[in-house]
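First comes the structure, then the notes that go with it.
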Number of protein chains: 2
Amino acid sequence: MNTKKQLQSADLRLAKMLKALGNPVRFQIMQFLAERQTCITNEIVQNTLLAQSTVSQHLKVLREAGLIHGEIEGPATCYCINAEGVQWLKEQIARWLPECCSNSQPLDFYLERYAKK
Amino acid sequence: MNTKKQLQSADLRLAKMLKALGNPVRFQIMQFLAERQTCITNEIVQNTLLAQSTVSQHLKVLREAGLIHGEIEGPATCYCINAEGVQWLKEQIARWLPECCSNSQPLDFYLERYAKK
DNA sequence: ACCTTATATCGTAATTATACGATATAAGGT
DNA sequence: ACCTTATATCGTATAATTACGATATAAGGT
């Protein structure tokens, strides 16, 4: 991060999310969580060939990036997609680099018109 | 990548792009390139505090992820955003995890209606 | 031919990420 | 109290990333 122009805090949040999603295991955990809507750590572990501790570490990264939400429920932890975070990410990407893509005007138009907030 | 269900090739392409963008230096290079439309390596180097070789390495990652496009022009290399690649990424993200986000239906609707291809 | 400018690549050091097993914690059942 | 189940965290090994300087390549000007 030795850059001349510093990234804005929104860009930092975005960079953190992108970095979290850049790992195929974490990307797949997101897909799995989206399918199941909600599930406990152990179900996620069983969907992979990785050790429980490894998956727990990946879940921490996703949590800290604001992409998932976990709450302790009895002896287990129940995870689900952080819809607000994912929505924010999707809007940021949709708005991103509008000047380089042919159909970015209508996308921006859509966002101003229909996106909440 | 020890996952039970393997990622599809589109997902792999997406994961590669997200990983490339997950680095703040590379993210910023994309922003810079989008502003300038087109520029040579040295202009990008001068926008950072990094060594020329380091920037060249980052450009290689972005190139291999299909996010930028570089062509040799005399003694220099002229870089620009790979509009097709960025557009593809934006569409993938817009379509991603539709079941978890409230306003994903209108976004998908937009994409089917206006997005080329 | 030689020098300058612009890049890419190589070798390498330092840092960060990824993975595992072992251990700690916490809740629920016997 | 004890055992099981479910997780998180710690310690640590290995692999990947990031960074630099040095070197190679290639084009253009003198």
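Chain A is the first sequence line, chain B the second, and so forth, proteins listed ahead of strands; every chain is numbered from 1.
- The salt bridge (charged side-chain N to carboxylate O under 4.0 Å, His left out) analysis of residues 65-74 of chain B, with sequence neighbours excluded, yields no pairs.
- Among the nucleotides C:dA19, D:dA6, D:dC20, the one closest to the side chain of B:Ala51 is D:dC20.
- The backbone N or O of A:Ala65 sits nowhere less than 3.5 Å from a side-chain atom of A:Lys19 that would complete a donor-acceptor pair.
- Not one side-chain nitrogen or oxygen of A:Arg26 sits closer than 4.0 Å to the OP1 or OP2 atom of C:dA17.
- Atom NZ in A:Lys19 sits roughly 7 Å away from atom C1' in C:dT16 (whole-Å rounding).
- Taking atom CD on B:Gln57 and atom P on D:dT18, their separation rounds to 8 Å, with Å as the unit.
- For A:Thr41, the side-chain atoms get nearest to D:dA8 when compared with the rest of D:dC20, D:dA8, C:dC20.
- For A:Ala34, the side-chain contact (heavy atoms from CB on, under 4.5 Å) test picks out A:Ile81, B:Leu97, B:Glu99, with sequence neighbours left out.
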Would you write out the dot-bracket form of DNA chain C, 5' to 3', with Watson-Crick and G-U pairs under 3.5 Å, [ ] for crossing pairs, | for pairs to other strands and . for unpaired bases? ||||||||||||||||||||||||||||||
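- Between B:Thr54 and D:dC20 there is a side-chain polar atom (N or O) within less than 4.0 angstrom of OP1 or OP2.
- Distances shorter than 4.0 Å separate none of the side-chain N or O atoms of B:Thr77 from OP1 or OP2 on C:dA6.
- By the side chain to side chain donor-acceptor pair (under 3.5 Å) test, B:Glu43 pairs with B:Arg36, sequence neighbours left out.
- At the phosphate of C:dA8, OP1 or OP2 sits under 4.0 Å from a side-chain N or O atom of B:Tyr79.
- How far CG of A:Leu21 is from CG of B:Leu21: 11.0 Å, rounded to the nearest 0.5 Å.
- Atom pair B:Glu43:CD and C:dT5:P shows a separation of 16 Å (rounding to whole Å applied).
- Residues forming a side chain to side chain donor-acceptor pair (under 3.5 Å) with A:His58 (at least two apart in sequence, or on another chain): A:Arg26.
- Separating the CG atom of B:Asn42 from the P atom of C:dT7 is a distance of 5 Å, rounded to the nearest angstrom.
- Take B:Thr41 and apply the side-chain contact (heavy atoms from CB on, under 4.5 Å) test, not counting sequence neighbours, and it matches B:Val45, B:Leu59, B:Thr77, B:Tyr79.
- Distances shorter than 4.0 Å separate some side-chain N or O of B:Asn23 from OP1 or OP2 on D:dT18.
- For D:dA8, the OP1/OP2 oxygens have a side-chain nitrogen or oxygen of A:Ser56 closer than 4.0 Å.
- Scanning for side-chain contact (heavy atoms from CB on, under 4.5 Å) contacts around A:Gln57 gives an empty result, with sequence neighbours left out.
- Following rounding to the nearest Å, A:Leu49 (CG) and C:dT18 (C1') show an atom-to-atom distance of 15 Å.
- Under the side-chain contact (heavy atoms from CB on, under 4.5 Å) criterion, A:Thr38 pairs with A:Cys78, A:Cys80, sequence neighbours left out.
- The shortest side-chain heavy-atom distance between A:Lys16 and A:Leu12 does not fall under the 4.5 Å cut-off.
- Listed by residue number, the members of residues 58-71 of chain B with any heavy atom below 4.0 angstrom from DNA chain D are B:His58.
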Measure all distances between protein nitrogen or oxygen atoms and nitrogen or oxygen atoms of nucleotides 23-29 of chain C, and list the pairs falling under 3.5 Å.
none

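- A:Phe27 places a side-chain heavy atom less than 4.5 Å from the side chain of B:Leu14.
- B:Glu84 pairs by the salt bridge (Lys or Arg N to Asp or Glu O under 4.0 Å) definition with B:Arg13, not counting sequence neighbours.
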